[in-house]
Amino acid sequence: MDGVGIVTTRFYEWSQCLHLESGAHLGPLTIAYETYGELNAAGNNAILVLHALTGNAHIAGRNFPDERYPGWWDPLVGPGRALDTRRYFIVCANVLGSCYGTTGPASINPATGKPYGMDFPAITIRDMVRAQKILLDYLGVKRLVAAIGGSMGGMQVLEWGFLYPQMLDAIIPIATCGRTTPMQIAFHHVQREAIYADPDWQGGNYYGTAGPRRGLALARQIGIITYKSDPSWNMKFGRNLVDPRKYFQLEGQFEVESYLAYQGRKLVDRFDANSYLYLTKAVDLHDVSQGRGNYNEVWRDFPCPCLGIGISSDFLFPPYQVQEIVRMINDSGGHARYAEIDSPYGHDAFLIEFNQLAAIIQPFLKELRPDLAA
């Protein structure tokens, strides 16, 4: 089946100020987004896809004919695919605080005419969701068939369920949690410390220079380690050496070391270090009970049907965290079910195991809205 072809990233300019959870205000806002398919006259056939930490709005197709790779969820989006563009209007917005077109630390601060840098206010997952709601209102979306996303995207999915339940048929959080754990926070802490320790970070005022390339690359390498599993590392690399002749030399590298260095360099070429700082902090602050009450009680009468999807080998967001969400919703009078991706690829599996994801998601969507599946 053919995909969506050539797509265009669009930008919505919102002239007002968004009241952030911290009490600060941020505006005007630019929100980068892509859409696939057509919104129906009732405005109720939309599916919102939420992206992970260093993701963007480009989930399917190509932005230009010779683009090397399609969007990051391309096998799931298009005519006849799980997110069927003949039936659904698919929307993905780049999150607040990122560097892919939506307002973030690298954006120009209208008060100074210079990049925000560390003057950018702290943001939360809820702030991201409120910005997405502004975009959907602009697009004319009245109701979502589902909000779906993995990792940090899954956190946004949960907040959609709490903030705008009247607008949702269901939520599909993947490989995520209701609140971040000390281990997850610890990994993000050392990643941020790697950036802070780079003298080229310059307190966040590095725009116009090369910036903290070494620090950001190291942060990415630490992150990559948490996205994999022990079996996946063994399958891909084993104990293979780049050059066996350098076995006893300190500069000699195992293939896994070379791979990590390569992944670090790749991120440096496409991502902003300050965005990395702000977004990892937003993930650390994620707790659906913040300001709402006791964590075990906020799920009471949760109004949105939920399909929670875990990953069998996920080290960073172990499947018990999604299972916990499903259990608490059901125990509190809601309706939730659990499915699991059986994969050796760890947390990355939601960006790899497209056939399994399609087999889980597609029938659930048809069950939700049989009128659109006809």
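Judged by distance alone, the side chain of Asn274 and the main-chain N or O of Ala106 form no donor-acceptor pair under 3.5 Å. The backbone N or O of Val95 sits nowhere less than 3.5 Å from a side-chain atom of Ser98 that would complete a donor-acceptor pair. When atom types are taken as modelled, the side chain of Thr103 and the backbone of Leu29 share no donor-acceptor pair closer than 3.5 angstrom.
Cys92 has its side chain out of reach of Glu34: every pair of non-hydrogen atoms, C-beta onward, lies at least 4.5 Å apart. When side chains are defined from C-beta on, Ile31 does not count as touching Tyr138, because their heavy atoms never get closer than 4.5 Å. Put simply, the side chain of Val49 reaches to within 4.5 Å of the side chain of Trp72, judged on heavy atoms.
To the nearest 0.5 Å, the span separating OG1 on Thr9 from CG on Asn63 amounts to 4.0 Å. Note that the CE atom of Met128 and the CE atom of Met155 stand 9.5 Å from one another [nearest 0.5 Å].
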Assess the residue pair His286 and Met152 against the criterion (side-chain contact (heavy atoms from CB on, under 4.5 Å)); give the C-alpha distance rounded to whole Å, side-chain angles, the decisive distance to 0.1 Å, and a yes or no. CA-CA 9 Å; His286 169 65; Met152 188 182 83; over 6 Å; no
Does the side-chain hydrogen bond (donor to acceptor under 3.5 Å, both in side chains) test come out yes or no for Tyr69 and Asp74, once each step is laid out? CA-CA 9 Å; Tyr69 299 110; Asp74 183 77; over 6 Å; no
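Under the 3.5 Å distance criterion, with hydrogens and angles disregarded, a donor-acceptor pair is assigned to the side chains of Asn94 and His51. Residues Gln132 and Glu159 bring no donor and acceptor atom of their side chains to less than 3.5 Å of each other. Residues Arg327 and Tyr338 have side chains that never bring a donor and an acceptor to within less than 3.5 angstrom of each other. Side-chain N/O atoms of Thr226 and His347 include no donor and acceptor closer than 3.5 Å.
Ring planes of Trp299 and Phe302: tilted class, angle from 30 to 60°. In this structure, Phe254 and Tyr247 have perpendicular ring planes: the angle between them is above 60°, well past the 30° mark.
In the hydrophobic clustering, Ile352 connects to Met235, Tyr345, either directly or through intervening members, whenever side-chain heavy atoms lie under 4.5 Å apart.
Under the rule for a side chain to side chain donor-acceptor pair (under 3.5 Å), the partners of Asp287 that lie at least two apart in sequence or sit in another chain are Ser289.
Salt bridge present: Lys133 and Asp137 bring a charged side-chain N and a carboxylate O closer than 4.0 Å.
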